*Asks:* 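This structure is in structure tokens; I'll ask about it shortly.
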Amino acid sequence: MSVAYDPQNIFAKILRGEIPCHKVFEDDVALAFMDIMPRADGHTLVIPKTPARGLLDMPADALGPFMLRVQKVAAAVKAATQAEGLTIQQFNESAGGQVVFHLHVHILPRWDGVALRPHTGQMADGEVLKAYAAKIAAALSETTSR
Ligand code: 5GP
């Protein structure tokens with residue numbers, strides 16, 4: 001049996017502006033912002049405005065437009081961080097590693113020989129996240145103005 005979407009989850013609060021975030025991108029479909037406990041420099045999250053708990057309850061007609069935003073933000077993250085590659089992750093339910101129950105896609109910049117940092121529960125410096133968000137937002141406006 002599927003579990004209902006809880007509108008009190010932390011990402012729903014970020015979407016409503018009740019909790020701040022270091023925003024990278026926003027339109028009518030998606031919001032992208034810096035992960036507060038980054039597992040790599042430039043670790044960015046993309047979430048849909050559609051209230052879905054995970055991939056499986058995301059309405060089919062909203063999925064395509066959302067994934068286009070993921071692709072667009074991923075390209076900007078790679079350009080802004082000069083990453084050699086990207087790891088894209090998406091978890092479903094506790095057993096699948098999900099902690100926040102609003103659909104989200106992790107964009108993790110990668111470099112050869114550099115491992116992802118472990119989950120430490122340690123929050124990153126706000127100024128560092130702010131600087132990454134500005135850099136990625138600038139890369140996004142460059143790719144969209146071309
Ligand atoms: P997941 O549910 O995919 O396991 O991970 C949730 C992610 O959200 C984690 O990487 C965690 O660091 C991030 N996160 C949790 N709470 C917040 C928050 O309040 N703000 C931001 N920006 N990220 C958060």
Side-chain angles (χ1 to χ4, degrees), residues 1-60 62-111 113-141 143:
M1 205 181 75
S2 60
V3 183
Y5 177 82
D6 174 9
Q8 293 312 317
N9 75 76
I10 202 126
F11 291 170
K13 289 182 181 177
I14 287 177
L15 275 176
R16 293 194 294 266
E18 294 165 14
I19 288 180
C21 68
H22 295 287
K23 192 194 292 186
V24 165
F25 167 83
E26 182 170 20
D27 70 0
D28 55 336
V29 171
L31 172 71
F33 53 96
M34 304 315 295
D35 194 298
I36 209 166
M37 292 170 268
R39 299 196 59 211
D41 293 343
H43 182 173
T44 303
L45 299 171
V46 190
I47 68 175
K49 294 216 164 159
T50 303
R53 193 174 157 89
L55 185 69
L56 302 185
D57 62 329
M58 180 70 166
L63 191 56
F66 172 61
M67 287 310 293
L68 286 175
R69 272 61 175 188
V70 173
Q71 185 188 46
K72 181 173 149 146
V73 173
V77 169
K78 188 166 185 286
T81 60
Q82 299 188 307
E84 293 167 346
L86 295 172
T87 295
I88 310 281
Q89 290 181 321
Q90 191 274 317
F91 304 122
N92 295 276
E93 301 303 329
S94 303
Q98 187 175 15
V99 174
V100 178
F101 297 101
H102 180 107
L103 173 61
H104 54 279
V105 174
H106 295 260
I107 299 172
L108 293 142
R110 301 301 302 272
W111 293 266
V114 180
L116 291 179
R117 294 194 282 268
H119 283 295
T120 57
Q122 185 85 32
M123 286 199 203
D125 183 327
E127 286 304 310
V128 172
L129 295 183
K130 188 176 161 189
Y132 273 114
K135 235 175 148 179
I136 298 164
L140 258 173
S141 59
T143 50

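Computed from a predicted model, the values in this text were never measured in an experiment. Indexing begins at 1, ligand by ligand and atom by atom, following the structure's order. Computed over heavy atoms, backbone and side chain alike; hydrogens, waters and symmetry mates excluded.
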*Asks:* In terms of heavy-atom contacts, does CD of Gln89 have more than 12 from other residues, nucleotides or ligands at under 6.0 Å?
*Replies:* yes

*Asks:* Check this for me - ligand 1, Met34, N or O atoms closer than 3.5 angstrom, yes or no?
*Replies:* yes

*Asks:* Between Arg69 and Ala32 (side chain of the first, backbone of the second, donor and acceptor by atom type, cut-off under 3.5 Å), is there such a pair?
*Replies:* no

*Asks:* With a 4.0 Å cut-off on heavy atoms, does Gly97 reach ligand 1?
*Replies:* yes

*Asks:* How far is atom 11 (C) of ligand 1 from its nearest protein heavy atom, and which residue and atom is that?
*Replies:* Asp35 OD1, 3.4 Å

*Asks:* Report yes or no: does a heavy atom of Ile10 sit under 4.0 Å from some atom of ligand 1?
*Replies:* yes

*Asks:* Name the closest protein heavy atom to atom 8 (O) of ligand 1, giving the residue it belongs to and the distance to 0.1 Å.
*Replies:* Phe11 CZ, 3.3 Å

*Asks:* Contact between Leu45 and Phe11 at the side-chain level, heavy atoms closer than 4.5 Å - yes or no?
*Replies:* yes

*Asks:* Please report the interatomic distance CD1(Ile10) to CD1(Ile47), rounded to the nearest 0.5 Å.
*Replies:* 11.0 Å

*Asks:* Which pairs, with at least one residue in residues 113-135 and sequence neighbours excluded, count as a side-chain hydrogen bond (donor to acceptor under 3.5 Å, both in side chains)?
*Replies:* Asp41-Arg117

*Asks:* Would you check if Phe66 and Lys49 make a side-chain contact, meaning some heavy-atom pair closer than 4.5 Å?
*Replies:* no

*Asks:* Nearest non-hydrogen atom to atom 2 (O) of ligand 1 belongs to which of Ile36, Ile14, Val99?
*Replies:* Val99

*Asks:* Mark the output for His106 as yes if a heavy-atom distance to ligand 1 is under 4.0 Å, and as no if none is.
*Replies:* yes

*Asks:* Answer yes or no for Phe101: is there a heavy-atom contact with ligand 1 below 4.0 Å?
*Replies:* no

*Asks:* Quick check on contacts: which atoms of ligand 1 are under 4.0 angstrom from a heavy atom of Phe91?
*Replies:* 1 (P), 3 (O), 4 (O)

*Asks:* Counting distance only, does the side-chain N/O of Gln98 pair as donor-acceptor with the main-chain N or O of Glu93 below 3.5 Å?
*Replies:* yes

*Asks:* Using atom types as modelled and distance alone, determine if a side-chain donor or acceptor of His106 lies under 3.5 Å from a backbone N or O of His104.
*Replies:* no

*Asks:* Based purely on interatomic distance, does Ile19 place a nitrogen or oxygen under 3.5 Å from a nitrogen or oxygen of ligand 1?
*Replies:* no

*Asks:* When you measure from atom 3 (O) of ligand 1 to each heavy atom in Gln98, His104, His43, which option holds the nearest one?
*Replies:* His104

*Asks:* What atoms of ligand 1 come closer than 4.0 angstrom to any heavy atom of Phe33?
*Replies:* 21 (C), 22 (N)

